[in-house]
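The structure appears right after this line, and notes come after that.
Fair warning: this is a prediction, and the values are worked out from it, not measured in the lab. Values below: all heavy atoms of this structure, side chains included; hydrogens, waters and symmetry mates excluded. If you read the sequence from its start, that first residue is 1, and numbering goes on from there.
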Amino acid sequence: MSAIFRPTALRTLRVVRPFSTTRALPKSITETVKDAAQTVNRAASDAALKGIKTGETVAETTKEYAGAATGTAKEYAGAAKGTAEEYAGAAKGTANEYAGAAKGKAQELKGDAKGTANEAANKAQEYTGPAKGTAKEYSGSAKGTVNEYAGAAKGKAQELKGEAKGAAKEAGAL
């Protein structure tokens with residue numbers, strides 16, 4: 001306890017008196033309104049500060065989640081891009097494979113077509129040879145027949161010429 005209230009040997013209490021003894025005056029209406037306005041102002045300020053702090057907390061939390069979501073979205077985008085590139089590469093490889101197969105088949109068919117054309121040409125040659133021979137044979141036969149008839153015609157013409165001379169001589173001798 002303090003020295004003021006410390007009991008003494010006689011156990012007496014000392015009473016401490018204030019230095020001033022003026023009476024407290026009651027507040028005026030203006031002061032009462034002013035105090036009430038300060039209380040309301042203080043309460044509004046405290047509420048506003050609490051709202052600002054809550055807003056900051058929400059903003060920070062939102063930023064954290066947005067950052068996490070952005071990171072996750074980037075991961076998914078990277079994974080999707082990788083998968084898309086993988087499928088594009090596979091599709092390109094398959095397309096090249098089919099293109100190569102198509103070119104190979106085209107070359108094969110081209111070779112088959114050339115072979116078939118050569119076979120047809122050989123068959124045509126095979127049939128053309130005897131046909132040419134037969135044609136030459138008939139041509140020679142026809143020339144022979146023509147020459148034969150030409151010779152017969154010349155012979156007949158000479159015969160008729162000789163008969164005409166003979167007839168003319170006979171007629172002139174008469």
Side-chain angles (χ1 to χ4, degrees), residues 1-9 11-140 142:
M1 290 191 135
S2 71
I4 300 172
F5 295 107
R6 191 174 26 175
T8 59
R11 295 204 179 238
T12 57
L13 265 178
R14 271 202 223 175
V15 178
V16 179
R17 291 188 186 178
F19 292 116
S20 140
T21 58
T22 40
R23 201 174 116 194
L25 294 174
K27 293 184 180 180
S28 68
I29 294 176
T30 308
E31 289 175 341
T32 306
V33 169
K34 203 187 267 187
D35 287 344
Q38 283 179 345
T39 306
V40 169
N41 188 18
R42 185 60 160 163
S45 297
D46 289 345
L49 282 174
K50 188 174 181 182
I52 290 170
K53 285 182 181 178
T54 303
E56 288 174 352
T57 305
V58 168
E60 287 176 19
T61 306
T62 304
K63 284 180 185 176
E64 287 176 21
Y65 284 122
T70 301
T72 305
K74 285 181 181 178
E75 286 177 30
Y76 285 131
K81 185 177 180 181
T83 304
E85 287 175 355
E86 181 181 325
Y87 283 127
K92 191 174 184 180
T94 304
N96 287 338
E97 183 180 327
Y98 283 125
K103 283 181 182 178
K105 192 68 174 174
Q107 289 295 330
E108 181 183 332
L109 292 175
K110 184 178 175 183
D112 287 350
K114 279 186 178 180
T116 304
N118 287 339
E119 283 181 33
N122 290 340
K123 284 283 184 187
Q125 195 72 359
E126 195 177 300
Y127 291 118
T128 304
K132 282 184 179 179
T134 304
K136 283 187 179 182
E137 182 182 324
Y138 286 130
S139 174

Working for side-chain contact (heavy atoms from CB on, under 4.5 Å), residues E119 and N122: CA-CA 5 Å; E119 283 181 33; N122 290 340; 5.6 Å; no
Spatial distance of atom NZ (K50) from atom OG1 (T57) [nearest 0.5 Å]: 11.5 Å
CG of N118 to NZ of K123: how many Å apart, nearest 0.5 Å? 14.0 Å
K92 meets the salt bridge (Lys or Arg N to Asp or Glu O under 4.0 Å) criterion, sequence neighbours left out, with none
Any chance you could measure L109, atom CG, to T116, atom OG1, to the nearest 0.5 Å? 10.0 Å
Salt-bridge test for K34 and E31: reply yes if a basic N is under 4.0 Å from a carboxylate O, no otherwise. no
Rounded to the nearest 0.5 Å, how far does CD of E56 lie from NZ of K63? 9.5 Å
